[in-house]
Amino acid sequence: MNKIAMISLGCPKNQVDGEIMLKKLSENGFEIADCIENSNAVIINTCGFIEAAKTEAIETILETVEYKKAGMISAVIVTGCLAERYQEEILKEIPEVDAVIGIGADSDIVKVCKKALGGIKTSFYPDKCYLPLDDERLVTTPPHWAYLKLSDGCDNRCSYCAIPLIRGAYRERTEESILDEAVMLAESGVKELILIAQDTTKYGYSLYGEYRLAALLKKLCKIDGIEWIRILYCYPDRITDELIETIALEDKICSYIDIPLQHCSGGILKAMNRKGNYNSLKEILLKMKSRIPNLSLRTTFMVGFPGETNEDFEELCRFVKDIKFDKMGCFTYSPEEDTPAFDFNNQIDEDVKRHRAEILSDIQYTVTEEANKIRIGRAYKVIVDEKDDGRYIGRAYFDAPEIDSSIYFTSDQALDIGSFVNVKITDFNGYDLIGECMI
């Protein structure tokens, strides 16, 4: 039996695509290997969103090719966003690769892998609309939590973003499909569902003509076995009063919401083809904080967008100090070919971008440090993720897996991974909290 391994890069949405491919392979004669060394072939499921992601993907392909050159594996297959975006260029520049397929060819992964192992090169890029949204998956996250993908593609057309070029137009799953998968995940032992999409708050608009994330959340809350539901990738313009009320009233929905704002300057947001400004964004965020008890806000900001002045950046720094986000990611603008912003005047020097990112990250660290000090002495419901070196590692409602921080804690009794316990916070170390189980 051929053994195949997958290296999945980038966002959780790409990871779900990879899980669908792994399921198809496992049902069609392939054994899924846990590492390159135990495989005959390797799939690299790439990201191509920004320059750093492209660099990581290319480096991973080159490193994997070395295994092939050494005779340790027989084939290298490249899928995902980088493959969709650059297509023939990958085979041209790295001829040792055996197959490069676009996202619309994910359903053909079994055929592609068999050809690659048989020495036949494949290059295949069908329409993006053929990317499967609701096929069965071989879930690769820990047994107690999983991503639940609502849609794919994006119609927002932010001027810096290549996602519409790569993933295509916005498409969403039916409510029945999502709920059916959620039930299956719950029956398999999943206790925490993490809702993902390019824009989760748009859910319902395409199929039903109205925003229906709140209605979907209420139905998900009725599924036995699910204890936490977490929402990522929300768009600020679509945070409705109904959604705010639903998060506030439903016990299973974590008081946590991820809203990548990108900036707060009205001029920069307009150039990004996004709406809002300092005051309008502050208004919606404060409304959410006032209506949702103990709300944890996560956001992402971009610095160094073309034309960003010192005044724009200083406004962004004030905004971060003012709002006090629980979690904040910061990245520098990456000029992406075929996006409008690529040709904008007033591109910012790379050193200036990096310096601004460091400043903003330092401000956020101070905000986080102040929040962590307040948490000392308080107790939180924590999901146990793992045990390492005698300590347990878990998360409270204000931490999403893989992207946020953790709580390191001790317990006098053995704990099951995936269980919920109460943990009293005693200290912190950087972004992470330290505590002790209160059993």
Side-chain angles (χ1 to χ4, degrees), residues 10-11 47-57 156-163 232-237 257-286 296-372 400 403-405 430-431:
C11 68
C47 177
F49 176 47
I50 57 175
E51 192 61 36
K54 289 186 283 187
T55 299
E56 181 188 21
N156 289 338
R157 299 288 174 179
C158 299
S159 64
Y160 55 83
C161 186
I163 293 299
L232 301 185
Y233 310 120
C234 298
Y235 202 76
D237 297 356
I257 192 162
D258 169 52
I259 314 177
L261 296 174
Q262 310 305 349
H263 216 284
C264 72
S265 162
I268 294 297
L269 287 169
K270 184 177 181 180
M272 289 179 170
N273 197 31
R274 295 174 67 94
K275 298 178 182 178
N277 54 42
Y278 191 116
N279 291 330
S280 66
L281 293 175
K282 181 178 179 179
E283 181 180 359
I284 181 64
L285 296 174
L286 292 184
S296 178
L297 282 171
R298 158 171 270 285
T299 195
T300 307
F301 290 117
M302 177 193 299
V303 296
F305 187 80
E308 183 189 54
T309 63
N310 288 333
E311 290 75 19
D312 292 324
F313 178 66
E314 288 168 3
E315 184 177 16
L316 180 58
C317 292
R318 290 196 303 273
F319 191 71
V320 171
K321 293 175 183 178
D322 192 6
I323 301 299
K324 299 187 185 305
F325 296 93
D326 280 89
K327 317 289 178 184
M328 186 208 78
C330 177
F331 65 102
T332 59
Y333 166 72
S334 171
E336 299 300 317
E337 60 267 33
D338 299 321
T339 64
F342 183 82
D343 297 317
F344 283 4
N345 295 324
N346 302 318
Q347 298 283 335
I348 306 297
D349 181 80
E350 289 297 327
D351 288 339
V352 173
K353 293 181 191 178
R354 285 192 290 270
H355 184 57
R356 288 177 178 177
E358 290 171 1
I359 292 172
L360 201 65
S361 296
D362 287 345
I363 292 172
Q364 179 59 33
Y365 183 83
T366 300
V367 172
T368 300
E369 191 174 47
E370 292 173 356
N372 284 345
I403 58 173
D404 291 330
S405 46
Y431 290 100

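Counting from 1, the numbers follow the sequence of the chain as shown. Heavy atoms only: backbone and side chains are in, while hydrogens, waters and symmetry mates are out.
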With sequence neighbours left out, the residues meeting salt bridge (Lys or Arg N to Asp or Glu O under 4.0 Å) with D312 are none
[atom1] of [X] to [atom2] of [Y]: how many Å apart, nearest 0.5 Å?
X    : Y    : atom1 : atom2 : answer
I403 : T300 : CD1   : OG1   : 8.0 Å
Y431 : N372 : OH    : CG    : 10.0 Å
K324 : L297 : NZ    : CG    : 13.0 Å
E358 : C330 : CD    : SG    : 10.0 Å
T332 : E51  : OG1   : CD    : 10.0 Å
K282 : C264 : NZ    : SG    : 11.0 Å

Which heavy atom of [X] sits nearest to which heavy atom of [Y], and what is that distance?
X    : Y    : value
I348 : P306 : CG1-CA, 4.4 Å
I268 : F305 : CG2-CD2, 4.1 Å
H263 : F301 : N-CD2, 3.6 Å
C47  : G10  : CB-CA, 3.6 Å
K321 : I363 : CG-CG2, 3.6 Å
N273 : S159 : CB-N, 4.0 Å

Heavy-atom distance under 4.5 Å between the side chains of [X] and [Y], does that happen here?
X    : Y    : answer
M272 : L269 : yes
R274 : Y160 : yes
F49  : C11  : no

Determine whether K327 and D258 satisfy the following criterion, side chain to side chain contact (heavy atoms under 4.5 Å, CB included), listing intermediate values before the conclusion.
CA-CA 9 Å; K327 317 289 178 184; D258 169 52; over 6 Å; no
Determine whether I259 and L285 satisfy the following criterion, side chain to side chain contact (heavy atoms under 4.5 Å, CB included), listing intermediate values before the conclusion.
CA-CA 10 Å; I259 314 177; L285 296 174; 4.1 Å; yes
Quiz item: So F319 and F325, would you call those rings parallel, tilted or perpendicular, with 30° and 60° as cut-offs?
Solution: tilted
Expected output: side-chain [X] to main-chain [Y] donor-acceptor under 3.5 Å:
X    : Y    : answer
T368 : Q364 : yes
D326 : R298 : no
E308 : G304 : yes
K353 : Y333 : yes
N156 : C158 : no
S280 : N277 : yes

Acceptor/donor pairs from residues 338-347 side chains to any protein atom, 3.5 angstrom cut, sequence neighbours excluded:
unit_1	atom_1	unit_2	atom_2	d
T339	OG1	E336	O	2.5
Q347	NE2	A341	O	3.1
Q347	NE2	F344	O	3.0

So N310 and R356, side chain to side chain contact (heavy atoms under 4.5 Å, CB included) or not? Walk me through it. CA-CA 9 Å; N310 288 333; R356 288 177 178 177; 2.9 Å; yes
task = Assess whether side chain to side chain contact (heavy atoms under 4.5 Å, CB included) is satisfied between E283 and N279, documenting all intermediate values.
result = CA-CA 6 Å; E283 181 180 359; N279 291 330; over 6 Å; no
